[in-house]
2 protein chains.
Amino acid sequence: MTHTATSSTKAPSRIQQRNRILILDAALEVFSRHGYRGATLDQIAKQAGLSKPNILYYFGGKEDIHVTLLNQLMKTWLDPLKEMNPSGDPIKELLGYVHRKLDMALELPRESRLFANEILQGAPRMRPHLSADLKPLFDEQSRVISNWMDAGKIARCDPGHLLFSIWATTQHYADFAAQTEVLLPEDERRQDGASAYLDQLFIKLLTP
Amino acid sequence: MTHTATSSTKAPSRIQQRNRILILDAALEVFSRHGYRGATLDQIAKQAGLSKPNILYYFGGKEDIHVTLLNQLMKTWLDPLKEMNPSGDPIKELLGYVHRKLDMALELPRESRLFANEILQGAPRMRPHLSADLKPLFDEQSRVISNWMDAGKIARCDPGHLLFSIWATTQHYADFAAQTEVLLPEDERRQDGASAYLDQLFIKLLTP
DNA sequence: TCACTTTTTTACCATTTGGTAAAGACACGA
DNA sequence: TCGTGTCTTTACCAAATGGTAAAAAAGTGA
């Protein structure tokens, strides 16, 4: 067998685990900055502190690394949305979601940019995931929000566009950081500002 | 002289104008999809229907094309923000801005993606522009909004984050179109939905 | 310690990529 | 129709890129 690394037969060794993580971390850095086409194996290798052939010992190729990263991302990316509890207090649940999303954007900006890059490029490698994983969750949570509106617990608005606006406003702080860094003086750049503003924005929208 | 095309000496001929536009249009298509590093001159040449050396007859190189595109973009990109009138009705002015931005995102998605790509990559070629052109305008309009709040004409909130959220929500419809296409059924994908939702969102935020 | 497996390195390779040189084709006024 | 400047093509290049083969080195269990 060419390389055992590809998930198949037996348990991965200590060193295998370490290096795969090293590579994926380096790849995340590079792919999230330059997109799939713009990233090179040499960049990833250098960032990981390994040689290019060594990287190809652990992964089948450039695309394999990218796909692995995307699969991994899809899990963590959807988690905050799943945590929304239909029987909780609607406004609290939605604001909680906003905060989890904002925290994620600020703590995992590379993941956010990786996602943004993939979508910007037309989601060539991710569309199946979007249909299979995101779409059902999106529909389900849209229905939950709709039910809250029907029950008069929150003001009526389009649930889909509501979710879009939550994604847009939170991810903006990760994806457009290069812009906000220019526009906001350093002392105004803390999380508090964004967090307080988004609270205000969505509380006003949702309060009946 | 190697090529007269570089803006210097004399007036550009008919064919020169046509081909430069052809090239810039093709480059916009390619750069906006793949980012600077991911785009290739061959792709641009093919898209433009010209040979690669022919393209290099009109532009100094790959970077020259990208920079030209970015300069061009900066103008049209800032226009909607400039049109906000300090002595008009605040809510009407701000909603007008939201609509102009949304229209632009929907009519010029390639420009929006070009911008997003550049910022995602850390704005390596655009940071000077941001500081020189966007920052002053951002500060000025933030002050205008602040004054409206001081006068009690709109509810108080952070003007900077307000502008961020307008940018985020409107550009989302261009930059993340690949995602919304998966999530929204075709008949719900018209502009009306987004437009009505954003109206609601920002009216509620701004009404005192 | 020794055989055997896993990991890493060295040396390549074909293709792609940004870019150039120079010869041709073309337009157009005199 | 001819000459001169504009535009386009052909034929290249050196470097970068994704990837491979095979040998060398490092581990590892008996």
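Chain A is the first sequence line, chain B the second, and so forth, proteins listed ahead of strands; every chain is numbered from 1.
No donor-acceptor distance shorter than 3.5 angstrom exists from the side chain of B:Arg127 to the backbone of B:Ile119, with no hydrogens or angles considered.
Residue B:Ala45 is classed as having no contact, given no heavy-atom separation below 4.0 Å to the nucleic acid.
Atom pair A:Tyr36:OH and D:dT17:P shows a separation of 14 Å (rounding to whole Å applied). Per the geometry, CG belonging to B:Asp42 stands 19 Å off P belonging to D:dA15, to the nearest Å. The separation between A:Lys62 atom NZ and D:dG19 atom P is 8 Å, rounded to whole Å. Rounded to whole Å, the distance from CG on A:Leu41 to C1' on C:dC12 is 16 Å. In this entry the distance linking CD of A:Gln16 with P of C:dT8 reads 10 Å, nearest Å. We find that CG of A:Leu56 is positioned 15 Å from C1' of C:dA11, with the value rounded to whole Å. Taking atom CG of residue B:Asp64 and atom P of nucleotide C:dG18, one finds them 14 Å apart after rounding to whole Å. Regarding A:Gln17, its CD atom lies at a distance of 15 Å from the C1' atom of C:dT6, rounded to whole Å.
You'll find that the side chain of A:Arg37 is closest to C:dT17, out of C:dT17, C:dT7, C:dT8. With C:dT8, C:dG19, D:dG18 as the candidates, the nucleotide lying closest to the side chain of A:Tyr57 is C:dT8.
Listed in residue order, the members of residues 25-35 of chain B having a heavy atom less than 4.0 Å from DNA chain D come to none. Taking every heavy atom of residues 47-55 of chain B and every atom of DNA chain D, pairs under 4.0 Å involve B:Ser51, B:Pro53, B:Asn54, by number.
Side-chain rings of B:Phe59 and B:His66 stay apart, their centers remaining 6.0 Å or farther from each other. Between B:Tyr197 and B:Phe202, the distance from one ring center to the other does not fall under 6.0 angstrom.
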Listing, residues 67-82 of chain B side-chain donor-acceptor contacts under 3.5 Å, not counting sequence neighbours, or none:
from	atom 1	to	atom 2	distance (Å)
B:Thr68	OG1	B:Asp64	O	2.7
B:Asn71	OD1	B:His129	NE2	2.5
B:Thr76	OG1	B:Leu73	O	3.1

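Residues satisfying the salt bridge (Lys or Arg N to Asp or Glu O under 4.0 Å) test with B:Asp25, not counting sequence neighbours, are B:Arg110. Partners of A:Asp175 by side-chain contact (heavy atoms from CB on, under 4.5 Å), not counting sequence neighbours, listed by chain and number: A:Ser112, A:Arg113, A:Ala116, A:Gln171, B:Leu120, B:Phe176. Listed by chain and number, the residues in a salt bridge (Lys or Arg N to Asp or Glu O under 4.0 Å) with A:Glu83 are A:Arg100 (sequence neighbours excluded).
In this model, the phosphate group of D:dT8 is approached by a side-chain N or O of B:Tyr58 to a distance below 4.0 Å at OP1 or OP2. Distances shown here put a side-chain N or O of B:Asn19 below 4.0 Å from the OP1 or OP2 atom of D:dT8.
Between the side chains of A:Ser87 and A:Asn85, at least one donor-acceptor pair of N or O atoms lies under 3.5 Å.
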For this session: Test salt bridge (Lys or Arg N to Asp or Glu O under 4.0 Å) on B:Lys135 and B:Asp139 and set out the steps.
Result: CA-CA 6 Å; B:Lys135 179 78 160 67; B:Asp139 289 341; 2.8 Å; yes
